[in-house]
Novice: 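Can you keep this structure in mind? I'll have questions shortly.
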Amino acid sequence: MAELHDLTALEQAEGIRSGDISPVELTEHYLARIERLDDTLGAFLTRTPEIARKQASEAESEAAAARREGRELPPLYGVPVPVKDLNQVAGVRCTMGSRALADNVPVLDDHVVTKLRTGGTILLGKTNTPEFGLPCYTENDLAPPARTPWDPERSAGGSSGGAAAAVAGGLAPLAHASDGGGSIRIPASVCGLFGIKPSRGRISGGPLLHDVSGLATSGPLARTVADAATLLDVLAGPMPGDPFAAPSLPPGETFAAHARRDPGRLRIACLIEPPVPGVEVHADCRTATTDTAALLSGLGHEVEELSLPADDSILLAFTRVWSVLAASRPVPPGGEELLMPLTRHLRARGGEVSGTEFARSLYAFRMLAQSLADGLMPPGGYDVILSPTVAAPPAAVGALRNDADPQAEFAAIGAYTPFTAVYNATGQPAVSVPLQWNAEGLPIGVMLAGRYGDEATLIALSAQLEQARPWAGRKPAMW
């Protein structure tokens with residue numbers, strides 16, 4: 001018999017609207033699973049059972065009133081959605097994965113939290129993240145490492161590793177996440193989930209910690225395309241003070257609706273060689289990409305091989321900007337000695353970047369975006385670029401971390417994730433699709449990137465792939 005966590009988020013929401021599912025019962029189900037499994041998965045930094053129970057009780061009353069009065073509820077009303085611990089929830093500890101902020105309790109909500117509150121979702125807690133979200137694994141000095149449920153000896157990726165571990169392990173139906181260099185797509189790949197990095201400006205980063213570089217954005221992690229698209233609808237939309245704004249959907253349109261539409265025949269470029277010199281792509285990731293290319297061709301799309309010249313200039317620009325962002329994170333007096341070696345290394349490096357170098361690096365991002373817009377994806381050009389999400393299968397916990405040599409660690413992180421950061425630099429939307437598992441039973445994601453502002457095409461194409469080769473029925477042993 002199916003349990004509550006077997007249902008998709010949309011099935012849970014429909015049950016709440018009809019009265020067949022109680023938000024209180026649903027919340028208690030997930031709180032019990034968190035209590036039982038989270039010590040193994042390392043999904044949460046802070047649990048909020050009291051808040052969750054209060055919100056669930058209010059949702060139950062409101063859902064009953066809406067049924068009596070014939071009112072519509074938001075699409076994920078009463079559904080639990082944890083928040084990544086890089087984002088602030090008023091009155092709830094926000095550590096950003098750092099011992100230096102272990103006791104930090106903000107007084108304001110980030111805009112994404114405001115959107116989740118307005119949507120009637122339930123806060124189970126704050127999900128695990130590495131310190132300031134800097135590496136592509138989720139290990140810190142505050143909590144156990146986030147582990148992929150498909151093999152708990154391996155990392156759940158990062159920096160949204162806690163969010164991915166929660167969803168893949170059935171501790172939450174879907175989750176808020178964020179992505180500054182691949183931090184939604186990397187955990188999606190290694191945890192067998194669907195994740196969306198939206199276009200720059202699609203989701204507000206305010207009101208306090210705006211990313212002035214434009215690299216980072218919040219987004220959804222989910223088991224199905226429709227669930228992720230619906231959470232994107234909940235999170236999307238400009239807020240006062242936003243420095244960027246992605247093109248809006250036509251009035252009345254939703255991203256969720258595009259998960260039910262045929263994408264039409266698309267021109268798709270298949271990129272297997274990374275645009276970073278000296279990086280090898282594992283055979284499993286190559287096979288996953290070529291197999292997906294064949295599936296896309298079989299679905300009627302025009303797929304062509306693409307190669308980009310390997311060039312480390314964008315990597316250098318990204319490293320400079322990433323280091324400046326690390327140096328810009330607020331650390332209270334006396335907190336520097338509590339930071340992890342990689343964080344201290346990047347903050348020191350960021351302090352050495354001149355204003356002119358920072359501006360030139362941002363200009364390099366703009367030129368890359370212009371090059372892709374002009375050369376690869378103009379009208380009549382490619383609609384989508386297919387590539388591996390990461391360059392290797394899920395890494396063992398601790399395998400990418402090197403406290404003794406953080407410079408070598410940062411290089412290893414770059415070699416593991418040579419494809420993802422391009423679209424943070426350009427601001428284009430990109431998704432990781434969980435179509436493949438290797439011979440060891442480990443998930444191997446593939447990435448689809450689209451034109452700026454065109455998440456709709458990526459969602460429709462991903463839903464077509466999901467229908468052709470369903471993945472949500474595949475569940476790890478601990479499920």
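In this text the structure is predicted, and so the values were computed from the model without any measurement. Keep in mind that the numbers below use all heavy atoms, side chains included, and drop hydrogens, waters and symmetry copies.
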Novice: Tell me every residue that passes salt bridge (charged side-chain N to carboxylate O under 4.0 Å, His left out) with Arg202, counting only those two or more places apart in sequence or in another chain.
Specialist: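 Once residues adjacent in sequence are excluded, the partners of Arg202 under the salt bridge (charged side-chain N to carboxylate O under 4.0 Å, His left out) criterion are Glu455.
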Novice: Given the rule in the salt bridge (Lys or Arg N to Asp or Glu O under 4.0 Å) test, do Asp39 and Arg47 qualify, once you have shown the distances and angles that lead to the verdict?
Specialist: CA-CA 12 Å; Asp39 287 346; Arg47 304 175 193 177; 3.6 Å; yes
Novice: How would you list all residue pairs meeting side-chain hydrogen bond (donor to acceptor under 3.5 Å, both in side chains) that involve residues 268-277, not counting sequence neighbours?
Specialist: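 Pairs touching residues 268-277 that pass the test: Glu273-Arg286.
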Novice: Using the salt bridge (charged side-chain N to carboxylate O under 4.0 Å, His left out) criterion, which residues pair with Asp151? Sequence neighbours excluded.
Specialist: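 Salt bridge (charged side-chain N to carboxylate O under 4.0 Å, His left out) list for Asp151, sorted by chain: Arg154.
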Novice: Show the numbers, then the answer: is there a side-chain contact (heavy atoms from CB on, under 4.5 Å) between Phe194 and Val431?
Specialist: CA-CA 7 Å; Phe194 180 71; Val431 303; 3.8 Å; yes
Novice: Within a reach of under 6.0 Å around CD of Glu302, are more than 12 heavy atoms found that belong to other residues, nucleotides or ligands?
Specialist: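 Enclosed: over 12 neighbouring heavy atoms sit under 6.0 Å from CD of Glu302.
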Novice: Indicate the atoms forming the closest heavy-atom contact of Gly161 with Pro187, along with that distance.
Specialist: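 Heavy atoms of Gly161 and Pro187 come nearest at N-CG, 4.0 Å.
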Novice: Residues two or more places apart in sequence or in another chain: which of them pass side-chain contact (heavy atoms from CB on, under 4.5 Å) with Ala156?
Specialist: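 Expected list: Ala146, Ala165, Cys191.
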Novice: Testing the basics here: between Pro152 and Val397, what is the closest heavy-atom pair and its distance to 0.1 Å?
Specialist: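 Nearest heavy atoms, Pro152 then Val397: O-CG2, 4.4 Å.
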Novice: Could you tell me if the side chain of Pro80 sits less than 4.5 Å from the side chain of Leu26, heavy atoms only?
Specialist: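 With C-beta onward as the side chain, the pair touches.
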Novice: Considering non-hydrogen atoms only, spot the tightest contact between Ile459 and Val225 and give its length.
Specialist: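 Heavy-atom minimum between the residues: O-CG1, 3.6 Å.
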Novice: What verdict does the side-chain contact (heavy atoms from CB on, under 4.5 Å) test give for Leu116 and Val234, after you've listed the backbone C-alpha separation in whole Å, the side-chain angles of each residue and the deciding distance to 0.1 Å?
Specialist: CA-CA 7 Å; Leu116 289 170; Val234 171; 4.3 Å; yes
Novice: Give the C-alpha distance, both sets of side-chain angles, the deciding distance and a yes or no for side-chain contact (heavy atoms from CB on, under 4.5 Å) between Phe132 and Leu325.
Specialist: CA-CA 9 Å; Phe132 302 146; Leu325 294 179; over 6 Å; no
Novice: Rounded to the nearest 0.5 Å, how far apart are CG of Leu299 and CG of Leu295?
Specialist: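 Going from CG on Leu299 over to CG on Leu295, the span is 4.5 Å.
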Novice: Sequence neighbours left out, what passes ring-ring contact (aromatic ring centres under 6.0 Å, His included) with Tyr30? Give chain and number order.
Specialist: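 Partners of Tyr30 by the ring-ring contact (aromatic ring centres under 6.0 Å, His included) criterion come out as none, since no residue qualifies.
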Novice: Can you see which heavy atom on Trp471 is nearest to which on Arg223, and at what distance?
Specialist: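 Taking Trp471 first and Arg223 second, the nearest heavy atoms are NE1-O, 2.8 Å.
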Novice: Taking only residues two or more places apart in sequence, or in another chain, which ones meet His282 in a side-chain contact (heavy atoms from CB on, under 4.5 Å)?
Specialist: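 Partners of His282 by the side-chain contact (heavy atoms from CB on, under 4.5 Å) criterion, ordered by chain and then number, come out as Asp284, Cys285, Ala392, Pro393.
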Novice: Once you round to the nearest 0.5 Å, how far does CZ of Phe244 lie from CG of Asp211?
Specialist: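 The distance works out to 7.5 Å.
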Novice: Could you work out, with side-chain contact (heavy atoms from CB on, under 4.5 Å) as the rule, every residue matching Ala143, not counting sequence neighbours?
Specialist: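 Checked Ala143 against side-chain contact (heavy atoms from CB on, under 4.5 Å); matches are Leu45, Asn128, Asn140.
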Novice: For a quick check under 3.5 Å, do Lys84 and Ser159 share a side-chain donor-acceptor pair by atom type?
Specialist: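 The criterion, which ignores hydrogens and geometry beyond distance, is satisfied for Ser159 and Lys84.
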Novice: Could you check Thr389, Thr420, Thr417, Asp179 and say which one makes a side chain to side chain donor-acceptor pair (under 3.5 Å) with Arg185?
Specialist: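 Result: among Thr389, Thr420, Thr417, Asp179, Asp179 is the only option passing the side chain to side chain donor-acceptor pair (under 3.5 Å) with Arg185.
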Novice: Going by the rule ring-ring contact (aromatic ring centres under 6.0 Å, His included), which residues pair with Trp437 if we only count those two or more places apart in sequence or in a different chain?
Specialist: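 Testing Trp437 for ring-ring contact (aromatic ring centres under 6.0 Å, His included), a comparison that skips the adjacent residues, returns Trp150.
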Novice: What distance do Leu174 atom CG and Leu232 atom CG have between them, rounded to the nearest 0.5 Å?
Specialist: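 The CG atom of Leu232 is 11.5 Å from CG of Leu174, to the nearest 0.5 Å.
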Novice: When rounded to the nearest 0.5 angstrom, what distance separates CG in Leu4 from CD in Gln12?
Specialist: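 If I round to the nearest 0.5 Å, the distance is 7.0 Å.
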Novice: List the residues meeting salt bridge (charged side-chain N to carboxylate O under 4.0 Å, His left out) with Arg474, not counting sequence neighbours, and say none if there are none.
Specialist: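 So Arg474 forms no salt bridge (charged side-chain N to carboxylate O under 4.0 Å, His left out) with any residue.
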Novice: Taking it one step at a time, do Asp85 and Thr95 satisfy side-chain hydrogen bond (donor to acceptor under 3.5 Å, both in side chains)?
Specialist: CA-CA 6 Å; Asp85 203 34; Thr95 71; 2.5 Å; yes
Novice: Counting only heavy atoms not in Glu253, do more than 12 fall under 6.0 Å of its CD?
Specialist: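 More than 12 within 6.0 Å, yes.
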Novice: List in chain and number order the residues that pass side-chain contact (heavy atoms from CB on, under 4.5 Å) with Ala460, two or more places apart in sequence or in another chain; answer none if no residue qualifies.
Specialist: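 Ala460 satisfies side-chain contact (heavy atoms from CB on, under 4.5 Å) with Pro263 once adjacent residues are dropped.
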Novice: Among side-chain atoms of Ser204 and Asp242, is any donor-acceptor pair under 3.5 angstrom?
Specialist: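 The answer is yes; a qualifying pair exists.
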Novice: Just verifying a value: how many Å separate Ile272 CD1 and Phe419 CZ, rounded to the nearest 0.5 Å?
Specialist: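 It comes to 8.0 Å.
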Novice: Could you check whether any side-chain heavy atom of Thr457 comes within less than 4.5 Å of a side-chain heavy atom of Arg451, counting everything from C-beta outward?
Specialist: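 No. Closest side-chain heavy atoms not under 4.5 Å.
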Novice: Run Gln436 and Thr292 through side-chain hydrogen bond (donor to acceptor under 3.5 Å, both in side chains) and show every step you take.
Specialist: CA-CA 9 Å; Gln436 316 287 337; Thr292 302; 3.2 Å; yes
Novice: Starting at CG of Leu124, measure out to CD of Gln55 and round the result to the nearest 0.5 Å.
Specialist: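 Reported to 0.5 Å precision, the distance equals 9.0 Å.
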Novice: Would you find more than 12 non-hydrogen atoms of other residues, nucleotides or ligands less than 6.0 Å from Glu280 atom CD?
Specialist: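 12 or below, so no.
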Novice: Measure the shortest side-chain to side-chain distance between Ile444 and Pro394 over non-hydrogen atoms and say whether it is less than 4.5 angstrom.
Specialist: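 Yes. Closest side-chain heavy atoms under 4.5 Å.
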Novice: Counting only heavy atoms not in Glu304, do more than 12 sit closer than 6.0 Å to its CD atom?
Specialist: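 Yes, enclosed.
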Novice: State which residues pass salt bridge (charged side-chain N to carboxylate O under 4.0 Å, His left out) with Glu153; sequence neighbours excluded, sorted by chain then number.
Specialist: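 Partners of Glu153 under the salt bridge (charged side-chain N to carboxylate O under 4.0 Å, His left out) test: none.
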Novice: Among Gln464, Arg267, Arg265, which residue meets the side chain to side chain donor-acceptor pair (under 3.5 Å) test with His301?
Specialist: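 When Gln464, Arg267, Arg265 are each tested with His301, the side chain to side chain donor-acceptor pair (under 3.5 Å) holds only for Gln464.
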Novice: Using the ring-ring contact (aromatic ring centres under 6.0 Å, His included) criterion, which residues pair with His5? Sequence neighbours excluded.
Specialist: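 Applying ring-ring contact (aromatic ring centres under 6.0 Å, His included) to His5 gives His29, Trp479.
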